[in-house]
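Since the structure comes first, as structure tokens, the remarks are kept for the end.
In what follows, chains carry the letters A, B, and so on, assigned in the order in which the sequence lines appear, proteins first and then strands, with residues in each chain numbered from 1.
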Amino acid sequence: MGKVIVITSGKGGVGKTTAVANIGSGLAKVGKKVALIDGDIGLRNLDLIMGLENRIVFDLFDVVHKKCRSYKQALIKDKRFSDTLFLLPAPQSKEKDAVQPEQMRQLCEEMKTEFDFLIIDCPAGIEHGFKNAVAGADEAIIITNPEVSAVRDADRIIGLLEAQEKNNLSLIINRYKKELVKKGDMLSIDDVREILNVDLLGIVPEDERILHCSNKGEPAILDQSSSAGEAYRSIVERIINPGLEFNIKKEKGFFEKVKNFFTLKRN
Amino acid sequence: MKTEKAVSIKGTRHGLIINIHEDEELEPALEYLDGLIADKKDFFKGASVSFNLGWRDINNEELQKFKSFCELNEFTLQGVISSSIITRKIAESNNVKAVIGRLGIAEHGSGALSKLRSAVKQEKIPFHPPEEHTKIVKKTLRSGQDEHSQGNLLLLGDLNPGAQITAGGDVYILGALRGRVHAGLGGKPDSLVFALLMEPAQLRIGEIIATLPNEKKSRGSQLSPVVAKLENQRIVVTPYFQKLR
């Protein structure tokens with residue numbers, strides 16, 4: 001029985017789709033059977049980031065409204081992985097209310113019998129699109145940037161998730177820039193954790209390589225020269241082994257501090 | 001207070017509003033009204049009447065008195081205007097419309113009756129002398145969440161930016177105050193706001209508003225319990241432990 005994880009943020013542009021692509025690819029790479037579901041109806045991006053857009057025939061709308069035989073027809077197999085990574089794309093020409101939360105919940109129930117992980121890309125906002133994306137989820141990963149608007153929106157989202165009794169929550173702080181934090185222009189990890197008070201899953205640094213990867217349709221986790229990719233590799237390890245001690249690799253400064261964040265749990 | 005001053009009838013295009021001052025006993029007030037109407041029965045016949053009770057609390061028995069008064073005089077009881085949530089609940093449970101009215105009898109007018117038409121169920125903050133109870137909320141309030149108390153409010157948690165607390169009396173936050181607080185809504189001038197960490201987006205006590213200057217907020221948030229109070233129409237924040245030195 002698989003786990004259904006929704007990746008959400010509230011704010012747009014903080015790195016949800018990138019996270020879905022990287023976490024999904026990472027899990028598939030170590031042999032887990034993964035399906036990515038693009039929940040952003042009308043503004044789909046996951047297919048682009050994965051480099052799979054020209055293979056789309058059926059999408060989430062078709063599956064839910066029975067315009068194709070089953071979800072299996074709509075899934076696109078990513079050939080870079082050996083039968084472990086699939087994508088269910090969103091429709092581009094429909095609107096958020098083309099699908100209902102109950103339909104999403106049923107689809108997740110059906111699909112989780114075949115997959116180890118279902119990873120759902122949630123659209124920005126707190127309205128219908130958000131409700132659809134979280135309906136079938138067991139867990140949520142909240143993505144935020146160390147920046148006031150992103151944190152404010154993440155807090156709202158966490159409040160909404162907690163109100164729905166979705167209490168299996170973890171946090172990824174994305175686009176972290178140590179120099180800006182030192183200068184005081186960017187919120188520190190502690191600042192963010194103080195407010196959000198959710199278990200920290202990982203910290204992904206700002207990385208120019210991400211742009212290159214999006215353009216190529218190659219998730220950064222497969223790119224050895226991407227620091228963001230490396231951060232995602234650690235995140236995937238922690239998803240598979242919760243409670244894993246962080247591996248200290250490079251300069252003591254950044255990683256030593258980061259290790260402390262994972263071992264300290266704020267009540 | 002002389003009954004004549006405590007009770008008055010105001011005509012509006014929607015009907016009559018009968019104002020009864022909060023300090024007046026109901027029995028004599030209604031008797032006096034009977035007297036007022038007695039010799040003008042034809043003039044008043046069939047009128048639509050609302051009772052403006054200000055912040056007075058009434059019970060079922062007293063509401064029945066209003067109902068009987070209307071029946072006897074062949075009035076239609078439109079409803080009750082009151083800033084007391086108790087009175088409004090009693091009215092509603094007896095199938096009488098209830099509308100939030102402003103503080104005290106001095107401020108009333110035809111505006112109040114037009115509110116009656118729209119069967120207000122909005123969560124307007126009532127102006128009401130704060131009760132002496134304290135509502136206890138045991139969680140952190142996140143962005144988009146609000147809490148309200150007619151009396152005081154004790155928050156065992158943080159008030160995150162984007163969250164809001166309103167209270168008739170004091171607000172005590174055993175955590176970080178980073179959101180918005182409005183204390184002393186009931187007009188209680190000595191309302192205070194306590195917090196373990198005071199970094200509000202906006203702080204209001206009564207009618208006075210204050211906000212943090214836009215400099216950098218404290219890093220590594222050292223807890224520093226403080227109390228905010230009104231002094232000479234300004235909000236003054238003092239360390240809680242000062243007195244002990």
Side-chain angles (χ1 to χ4, degrees), chain A residues 8-11 14 124-127 130-131 134 140 142-167 169 171 178-199 257 260-261 264-267, chain B residues 123 135-149 153-166 171-182 193-204 211-226:
Chain A
T8 181
S9 68
K11 189 137 173 40
V14 299
I126 52 175
E127 303 86 17
F130 166 75
K131 292 181 185 154
V134 305
I142 292 110
I143 310 274
T144 190
N145 297 154
E147 176 269 320
V148 289
S149 324
V151 170
R152 182 72 59 97
D153 291 359
D155 194 39
R156 184 88 166 88
I157 284 286
I158 293 169
L160 291 173
L161 288 167
E162 285 174 344
Q164 277 189 46
E165 318 255 315
K166 310 255 179 201
N167 291 312
L169 308 177
L171 178 69
K178 192 169 60 151
E179 319 81 59
L180 289 188
V181 175
K182 272 204 182 135
K183 269 171 71 183
D185 285 335
M186 184 175 266
L187 293 178
S188 72
I189 311 285
D190 276 338
D191 290 335
V192 176
R193 294 180 83 215
E194 273 258 347
I195 297 190
L196 298 182
N197 200 20
V198 164
D199 286 342
K257 267 192 173 185
N260 288 337
F261 298 130
L264 264 173
K265 199 176 176 182
R266 183 167 176 259
N267 277 328
Chain B
E123 277 306 297
K135 180 176 184 179
I136 304 182
V137 178
K138 294 182 194 174
K139 62 173 188 168
T140 287
L141 290 185
R142 293 190 178 270
S143 174
Q145 296 176 343
D146 298 342
E147 279 291 341
H148 171 70
S149 167
L153 196 146
L154 169 64
L155 184 71
L156 287 170
D158 294 338
L159 184 69
N160 278 359
Q164 178 172 278
I165 286 177
T166 47
V171 175
Y172 321 104
I173 296 182
L174 295 189
L177 197 176
R178 296 195 175 97
R180 298 158 64 103
V181 167
H182 192 167
V193 177
F194 169 91
L196 292 182
L197 179 69
M198 182 75 80
E199 284 182 356
Q202 187 190 90
L203 181 56
R204 294 164 79 172
T211 188
L212 269 191
N214 252 338
E215 58 202 31
K216 264 180 235 168
K217 308 204 172 158
S218 61
R219 269 302 170 69
S221 47
Q222 294 279 20
L223 292 188
S224 147
V226 293

Search all heavy atoms of A:G159 against all heavy atoms of B:Q145 and return the closest pair with its distance. CA-NE2, 3.8 Å
Greater than 12 external heavy atoms within 6.0 Å of A:K131's NZ: no
Between B:R142 and A:E162, does any side-chain N to carboxylate O distance fall below 4.0 Å? yes
How long is the gap from CG on A:D155 to OG1 on B:T140, to the nearest 0.5 Å? 9.0 Å
If you define the side chain from C-beta out and look only at heavy atoms, does anything of B:P161 sit under 4.5 Å from A:I195? yes
About how many Å separate CD of A:E194 and CG of B:D158, when rounded to the nearest 0.5 Å? 7.0 Å
